[in-house]
Amino acid sequence: MDKYEQVIELAKRRGFLWNSFELYGGSAGFYDYGPLGSTLKRRIEQIWRELFVIQEGFMEIETPTVGIENVFVASGHVGGFSDPLCECRACGEAFRADHLVDRIVPVADALSNDELDRIIRENQIKCPECEGELGETYEFNLMFKTQIGPGSGRQGYMRPETAQGMFVDFLRLARFYREKLPFGATQIGKSYRNEISPRQGVIRLREFTQAEAEIFIDPQDKSHPNIGRFADTILNLYSDAAQEKGEVEKITIAEAVQRGIIAHEFLAYQIGLTNIFLQRVGVAPEMLRFRQHKKDEMAHYAMDCWDAEVSTDRFGWVEVVGIADRTNYDLCAHAAVSKTELSIYREYPEPKMVTRFVVKPNMGKLGPLFKGKAKTVAEALKALPREDLEKEEIKVIVDSEEIIIPKGVVEFAEETIKVSGENIVPHVVEPSFGIDRIFYTVLEHAFDEEAMPAKEDTEEEARIIMRFRNEVSPVQIAVLPLLTRKELIEPARKMESKLREKGLLVSYDDSGTIGRRYRRNDEIGTPYSVTIDYDTLEDNTVTIRERDSMKQVRTSIEGIEDTLYDLMYKSKDFESAGTAL
RNA sequence: GCGCCGAUGGUCUAGUGGCUAUGACUGGGGCCUUCCAAGCCCUAAACCCGGGUUCGAAUCCCGGUUGGCGCACCA
């Protein structure tokens with residue numbers, strides 16, 4: 001059993017992850033989060049909120065998971081998210097049909113499937129693998145389609161990323177942030193991709209959770225006021241150049257910016273923040289690296305892109321976060337399709353005096369003269385260069401008809417005007433997190449097995465521990481009466497509700513022997529257990545047992561909720577929680 | 001989508017044409033005055049789905065679903 005198998009087996013058994021629709025045989029690419037899984041996932045998301053929403057001030061929004069067609073026409077997903085595939089009838093290999101013909105026609109990727117089929121036939125293209133006959137080209141689109149409304153309805157799509165919702169709301173967001181760059185919006189939610197063949201458990205899903213931030217910044221100023229915070233942060237950087245050498249570099253963020261390895265401060269800051277986030281939820285620092293997209297793998301619109309990758313036992317390095325400077329690509333695309341300017345007015349520090357040539361047709365005279373054509377005539381006049389207007393006879397061509405314009409219906413002059421700012425299209429820096437992959441990584445990196453010394457007549461056995469960081473543990477405190485007896489159950493139940501009132505995630509467990517219950521709680525990663533025994537009835541003290549060390553301290557029931565709270569959240573030292581046993 | 005290999009209680013597993021389907025762990029109830037899967041008693045729980053072959057199928061054949069691996073795909 002490799003680690004993946006062990007982790008998934010435990011996750012299934014203990015209620016972290018279940019295959020969806022199991023009752024009906026299941027369906028690939030979907031997973032249920034069980035009671036502990038949902039809690040763990042939500043706590044991971046909560047830390048993300050804490051960092052990106054609360055600390056950075058990028059407010060969370062919520063947009064529909066179903067989108068209308070234009071949104072994804074603009075984003076390029078309807079056209080570009082699908083590929084023409086073509087299979088060999090003999091050996092079954094699938095190929096990109098456009099790649100097969102790209103040496104014959106210059107713009108293969110613009111061809112329709114019928115045209116591709118025709119070219120393949122006419123040029124007698126055979127399977128590159130086995131020379132077999134090729135089948136018909138078909139479109140494989142990774143978008144889930146749906147109908148909006150009754151009947152044939154309106155074409156809708158499940159979103160393949162949460163990002164578009166934030167771009168579409170750009171003008172509202174700009175207004176909300178009082179039109180000052182930089183500003184950002186975030187979204188945590190489900191996205192959908194109809195993967196050809198989802199595999200690798202929760203690593204590649206058809207429905208998955210993303211946490212994304214879209215941060216709109218000034219294209220001329222990509223500095224970050226708070227970059228100093230990460231000056232000394234050392235990262236495992238796997239830059240384009242480092243990949244050529246095959247060696248990860250350990251350098252500070254400051255140096256990476258200064259040497260131009262990371263394109264600019266703003267991007268570097270997001271990388272620093274991502275580093276903090278991943279380690280805080282429990283990704284092992286030595287199993288984390290930041291890999292730069294190589295020039296040829298980067299999406300055409302991005303200017304620099306870094307993936308946070310984590311090391312996994314079975315799958316090797318897995319991408320869990322993508323941090324890209326998407327430039328103004330998305331806003332421009334939505335502006336073009338919606339025919340709405342998506343820009344923000346930026347005032348200059350000092351107004352500029354700009355001299356320009358202005359043409360002012362006199363509509364009061366043009367109207368009666370040209371009636372319905374007046375508007376197009378005026379447009380034509382405005383487009384004329386100065387020397388043509390200064391001629392004795394002003395001529396314009398409207399609808400391929402030459403028109404002579406009488407004197408006095410058009411004025412023109414050099415004007416000096418004050419320009420106090422301009423409309424700019426912001427650039428977008430996008431950190432995009434795959435929560436499900438991070439979730440799996442947290443499980444795998446927390447998973448540990450420890451050999452327990454053999455007792456008399458017994459085999460050596462393994463203790464399985466999920467070493468979750470306190471902040472993400474789905475169960476924080478286990479309350480355990482030493483024996484299943486009324487006189488111990490009652491105070492244990494009281495303890496349970498007292499701790500819940502403090503806001504701690506408590507599980508009460510009285511079934512089986514105490515050793516079994518400790519092991520059970522080790523397996524779900526409960527950091528501390530509180531045990532009530534007969535001494536408790538005498539002197540009001542209980543035992544607190546620490547998961548990682550299995551050490552125990554004895555402490556008073558009085559104020560125990562604060563002690564446990566401090567252990568959980570304030571890094572209180574365990575030894576100081578009571579007297580060692 | 002293609003190819004190869006698998007699918008038996010919650011988990012792991014035995015079973016290769018003839019059972020009432022093996023075992024372990026786990027789970028649940030109880031006993032137990034003392035802390036790391038302890039012990040004792042009781043108990044629950046499975047042949048992926050659909051066809052076919054056969055007197056008889058968990059077992060053989062076909063199809064599907066699903067899991068793993070390889071190929072392809074991963075904007």
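Order of the sequence lines fixes the chain letters, A, B, ..., with proteins taken first and strands second; residue numbering starts at 1 for each chain. Predicted model only: the values in this text are computed from it and were never measured. Computed over heavy atoms, backbone and side chain alike; hydrogens, waters and symmetry mates excluded.
- In this structure, A:Glu450 atom CD and B:C36 atom P are separated by 15 Å, rounded to whole Å.
- Under the Watson-Crick or G-U wobble criterion, with both distances below 3.5 Å, B:A58 is left unpaired in every strand shown.
- Among the candidates A:Thr274, A:Leu278, A:Val321, the single residue satisfying the side-chain contact (heavy atoms from CB on, under 4.5 Å) test with A:Leu288 is A:Leu278.
- With a 3.5 Å ceiling on both atom-pair distances, B:U16 lacks any Watson-Crick or G-U wobble partner.
- In this structure B:A21 sits in no base pair that meets the Watson-Crick or G-U test at under 3.5 Å.
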Kindly determine whether A:Ile477 and A:Met495 satisfy side chain to side chain contact (heavy atoms under 4.5 Å, CB included), including the steps that lead there. CA-CA 11 Å; A:Ile477 313 290; A:Met495 170 75 66; over 6 Å; no
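- If you measure from atom CG of A:Leu23 to atom P of B:C49, you get 12 Å, rounded to the nearest angstrom.
- Applying the Watson-Crick and G-U wobble criteria (two distances, each under 3.5 Å), B:A46 pairs with nothing in any strand.
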Please list, for nucleotides 30-32 of chain B, all pairs of protein and nucleotide N/O atoms separated by less than 3.5 Å.
{"residue": "B:C32", "atom": "OP2", "partner": "A:Arg485", "partner atom": "NH1", "Å": "3.2"}
{"residue": "B:C32", "atom": "O5'", "partner": "A:Arg485", "partner atom": "NH1", "Å": "3.4"}

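- Inspection of the A:Asp304 and A:Gln292 side chains reveals an N or O donor paired with an N or O acceptor under 3.5 Å.
- Rounded to whole Å, the P atom of B:G39 lies 33 Å from the corresponding atom of B:C48.
- Residues passing the side chain to side chain contact (heavy atoms under 4.5 Å, CB included) test with A:Leu537 are A:Glu487, A:Leu488, A:Pro491, A:Tyr534, sequence neighbours excluded.
- In this structure, the side chain to side chain contact (heavy atoms under 4.5 Å, CB included) partners of A:Thr513, at least two apart in sequence or on a different chain, are A:Arg516.
- A cation-pi arrangement is present between A:Arg289 and A:Trp317, with the terminal nitrogen or guanidinium carbon under 6.0 Å from the aromatic centre and inside a 45° cone about the axis.
- Put simply, CG on A:Leu205 is 16 Å from C1' on B:C73, counting in whole angstrom units.
- In this model, no side-chain donor or acceptor of A:Glu195 finds a partner on the base of B:C74 within 3.5 Å.
- Taking syn as a glycosidic angle within 90° of 0, B:U65 does not qualify and is anti.
- Screening residues 327-338 of chain A for salt bridge (charged side-chain N to carboxylate O under 4.0 Å, His left out), with sequence neighbours left out, gives A:Arg326-A:Asp330.
- When only modelled atom types and interatomic distance are considered, A:Tyr565 and A:Glu561 share no side-chain donor-acceptor pair under 3.5 Å.
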Begin with the C-alpha distance, continue with both residues' side-chain angles, and end with the deciding distance and a verdict on side chain to side chain donor-acceptor pair (under 3.5 Å) for A:Gln476 and A:Asn470. CA-CA 7 Å; A:Gln476 298 176 310; A:Asn470 283 355; over 6 Å; no
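- For the salt bridge (charged side-chain N to carboxylate O under 4.0 Å, His left out) condition, the pairs that include at least one residue of residues 15-41 of chain A, sequence neighbours left out, are A:Lys41-A:Glu45.
- Rounded to an integer number of Å, the gap from A:Tyr518 OH to B:C35 C1' is 5 Å.
- If you take CG of A:Leu10 and P of B:U26, they are 14 Å apart, rounded to a whole angstrom.
- Geometrically, A:Arg493 engages A:Tyr508 in a cation-pi contact defined by less than 6.0 Å to the ring centre and at most 45° from the axis.
- At a cut-off of 3.5 angstrom, counting only N and O atoms as typed in the model, there is no donor on one side facing an acceptor on the other between the side-chain of A:Asp522 and the base of B:C36.
- B:G18 and B:A57: their C1' atoms are spaced 10 Å apart (whole Å).
- B:A45 and B:G10: their C1' atoms are spaced 8 Å apart (whole Å).
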Kindly give the atom pairs (protein nitrogen or oxygen, nucleotide nitrogen or oxygen) under 3.5 Å for nucleotides 4-6 of chain B.
none

Any N/O pairs under 3.5 Å between the protein and nucleotides 65-70 of chain B? List them or say none.
{"residue": "B:U65", "atom": "O2'", "partner": "A:Gly25", "partner atom": "O", "Å": "3.2"}
{"residue": "B:U66", "atom": "OP1", "partner": "A:Ala28", "partner atom": "N", "Å": "3.2"}
{"residue": "B:G68", "atom": "O3'", "partner": "A:Arg314", "partner atom": "NH1", "Å": "3.0"}
{"residue": "B:C69", "atom": "N4", "partner": "A:Arg199", "partner atom": "NH2", "Å": "3.1"}
{"residue": "B:G70", "atom": "O6", "partner": "A:Arg199", "partner atom": "NH2", "Å": "2.7"}

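- To the nearest whole angstrom, the two C1' atoms, one in B:G6 and one in B:C74, are 26 Å apart.
- Checked by atom type, the side-chain pair A:Tyr192/A:Asn194 shows no donor-acceptor distance below 3.5 Å.
- A heavy atom closer than 4.0 Å to some atom of RNA chain B occurs in no member of residues 325-337 of chain A.
- To the nearest whole angstrom, the two P atoms, one in B:G56 and one in B:G1, are 36 Å apart.
- Judged by Watson-Crick or G-U wobble contacts below 3.5 Å, the nucleotide B:A7 has B:U65 as its partner.
- A:Val168 meets the side chain to side chain contact (heavy atoms under 4.5 Å, CB included) test with A:Val71, A:His334; sequence neighbours excluded.
- A:Tyr528 and A:Phe574 have parallel rings, their planes meeting at less than 30° on a 0 to 90° scale where 60° marks the start of perpendicular.
- Across all strands shown, B:G1 pairs with B:C71; the Watson-Crick or G-U wobble distances both stay below 3.5 Å.
- Minimum atom distance to the side chain of A:Arg204 is reached by B:C73, of the listed B:A75, B:C73, B:U26.
- With distances taken from any side-chain atom of A:Thr543 to the nucleotides B:C35, B:A37, B:A75, the minimum falls on B:C35.
- Considering only heavy atoms from C-beta on, A:Glu161 comes within 4.5 Å of A:Arg193 through its side chain.
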Distances for protein N/O vs nucleotides 9-12 of chain B N/O pairs under 3.5 angstrom?
{"residue": "B:U11", "atom": "O2'", "partner": "A:Glu9", "partner atom": "OE2", "Å": "2.7"}

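- Residue side chain A:Arg516 does not reach the base of B:C36 through any donor-acceptor N/O pair under 3.5 Å, judged by distance alone.
- Comparing atom distances between the A:Arg520 side chain and each of B:A75, B:U26, B:C35 picks out B:U26 as nearest.
- With sequence neighbours excluded, the residues that form a salt bridge (charged side-chain N to carboxylate O under 4.0 Å, His left out) with A:Glu244 are A:Lys294.
- Between the CG atom of A:Leu480 and the P atom of B:A37 there is a distance of 14 Å, given to the nearest Å.
- Side-chain nitrogen and oxygen atoms of A:Thr513 include at least one within less than 4.0 Å of the OP1 or OP2 phosphate oxygen of B:A38.
- B:G17 and B:C61 are spaced 12 Å apart, taking the P atom of each and rounding to whole Å.
- For the residue pair A:Arg545 and A:Ser529, no side-chain donor N or O sits within less than 3.5 Å of a side-chain acceptor on the partner.
- B:G51 and B:G15 are spaced 28 Å apart, taking the P atom of each and rounding to whole Å.
- For A:Ser191, the side chain to side chain contact (heavy atoms under 4.5 Å, CB included) partners two or more places apart in sequence, or in a different chain, are A:Arg159, A:Thr162, A:Phe208, A:Gln210.
- Remark: the A:Asp436 side chain and the A:Tyr33 side chain contain an N/O donor-acceptor pair separated by less than 3.5 Å.
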